[in-house]
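Sequential numbering from 1 along the given sequence is applied to the chain's residues. Reckoned from all heavy atoms, side chains included, excluding hydrogens, waters and symmetry mates. Just follow the structure's listing: the first ligand is 1, and inside any ligand the first atom is 1. All figures in this text were calculated on a predicted structure; none of them were measured in a lab.
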Amino acid sequence: MENNSYIDALALMGVGGAHPGGLQLTKNILSRENIDEEMSVLDAGCGTGQTAAYIAEQFQCHVTALDNSNIMLDKARRRFSDGDLPVKIRQGNIENLPFPDDSFETALSESVIAFTDIRQSISELNRILKPDGVLYAVEMVMEKKLPEYDMKPIIDFYGVTRLLSESEWRDLFQEVGFQQIISNSFKQQVENVDLNDGPDFSLSENMSDETMDILLEHDRLTKLYEDRLGFRIFRCSV
Ligand SMILES: C[S@@+](CC[C@H](N)C(=O)[O-])C[C@H]1O[C@@H](n2cnc3c(N)ncnc32)[C@H](O)[C@@H]1O
């Protein structure tokens, strides 16, 4: 188990597509990229592997799915095996990626980096990308400055060290060596959402009421702060 109760609850519920925008956003992002069969793609913080499975099916390229949670990876392994998908699984820490420099053309990290040492993780993602590589990071952003008393419950609940504004994210991406950073917001097109793009679940046996309570608290905070706590899609190239 991790020592982050929000992430633990996601793992026990086995939520696939546990990032804002879900698989619909992922498809939207990747539709703009030319990913061919020769390319290597890393899903860093893959969770139960919904995105990695989609990439492997859609682009038939080399996909590696990394996470530090055994519970998540067991569920991802089952998904890949059920779909007969040749996705490589690695247990590892995004802050210290177990890959040589210049290993991947594309890396995705969907709602992961904010939970880690942000600078260290993006520096690692920069290191493992090839010189013409691209990182997509879908991350929580403080759209409007929050007072300290509003920030504290969010920071405590998600177990993050701080909340960054869009320009603070940009500065960090630049500091670690990304030269071009494009950030976009995304509005879910509710009327166009394909039911197949929703989150999926792979429940563990040892779930308690507390697990549900934690996910309900996430929903409550998301609604309460929807004008101030958003998310962005950062496209960073080297
Ligand atoms: C909010 S979930 C998102 C999962 C997945 N990207 C998705 O969209 O469904 C965050 C994921 O990051 C993983 N994670 C958190 N800290 C990590 C770290 N230091 N190294 C690798 N994975 C990490 C968690 O185990 C979890 O699977």
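Residue Ser121 does not touch ligand 1, judged by heavy-atom distances below 4.0 Å. Contacts of Leu10 with ligand 1, taken as heavy-atom pairs under 4.0 Å, involve the side chain alone. The proximity of His19 to ligand 1, defined as any non-hydrogen pair under 4.0 Å, involves the side chain as well as the backbone.
Contact atoms of ligand 1 toward Ser111: 1 (C), 2 (S), 3 (C), 10 (C) (distance under 4.0 Å to a heavy atom of the residue). Proximity to Asn93 (heavy-atom distance under 4.0 Å) selects the following atoms of ligand 1: 18 (C), 19 (N), 20 (N). Atoms of ligand 1 found under 4.0 Å from any heavy atom of Ser69, numbered from 1 in the order shown, are 25 (O). Taking a cut-off of under 4.0 Å to the non-hydrogen atoms of Cys46, the atoms of ligand 1 that pass are 5 (C). Short contacts between ligand 1 and Gly92, defined as distances under 4.0 Å to a heavy atom of the residue, involve ligand atoms 20 (N), 21 (C).
For Phe234 and Tyr136, the ring centers are positioned 6.0 Å apart or more.
Results of the side chain to side chain contact (heavy atoms under 4.5 Å, CB included) test with Met142 over Leu163, Asp150, Ile154 single out Leu163 as the only residue that passes. When each of Thr51, Ile94, Thr116 is checked for a side chain to side chain contact (heavy atoms under 4.5 Å, CB included) with Ser109, only Ile94 meets the rule.
Of the N and O atoms on the side chains of Ser183 and Glu166, at least one donor lies less than 3.5 Å from an acceptor on the other residue. No hydrogens or angles considered: nothing links the side chains of Arg90 and Thr64 as a donor-acceptor pair under 3.5 Å. Between Thr106 and Glu33, the side chains place no donor N or O within less than 3.5 Å of an acceptor N or O (distance only, hydrogens not considered).
The closest approach between any non-hydrogen atom of Met72 and ligand 1 is below 4.0 Å.
At under 3.5 Å, not a single nitrogen or oxygen of Asp43, backbone or side chain, sits near a nitrogen or oxygen of ligand 1. For ligand 1, the polar-atom distance check against Gly16 finds no nitrogen or oxygen pair separated by under 3.5 Å.
Panel note: side chain Glu110, backbone Val138; no donor-acceptor pair is recorded below 3.5 Å. The backbone N or O of Leu97 sits less than 3.5 Å from a side-chain atom of Arg127, completing a donor-acceptor pair. Proximity of a side-chain donor or acceptor of Lys75 to a complementary backbone N or O of Ser202 within less than 3.5 Å is detected.
Taking each of Leu108, Asn70, Asp67 in turn, the one with a heavy atom nearest to atom 25 (O) of ligand 1 proves to be Asp67. For atom 12 (O) of ligand 1, the choice among Leu97, Val112, Asn96, Ile94 with the nearest heavy atom turns out to be Val112. When the options Gly159, Ala65, Ala18 are ranked by their closest heavy atom to atom 9 (O) of ligand 1, first place goes to Ala18. Relative to atom 14 (N) of ligand 1, the option among Asp8, Leu66, Asn68, Thr116 with the closest non-hydrogen atom is Asn68.
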Evaluation steps, side chain to side chain contact (heavy atoms under 4.5 Å, CB included), between Leu164 and Ile118: CA-CA 10 Å; Leu164 299 184; Ile118 296 175; 3.7 Å; yes
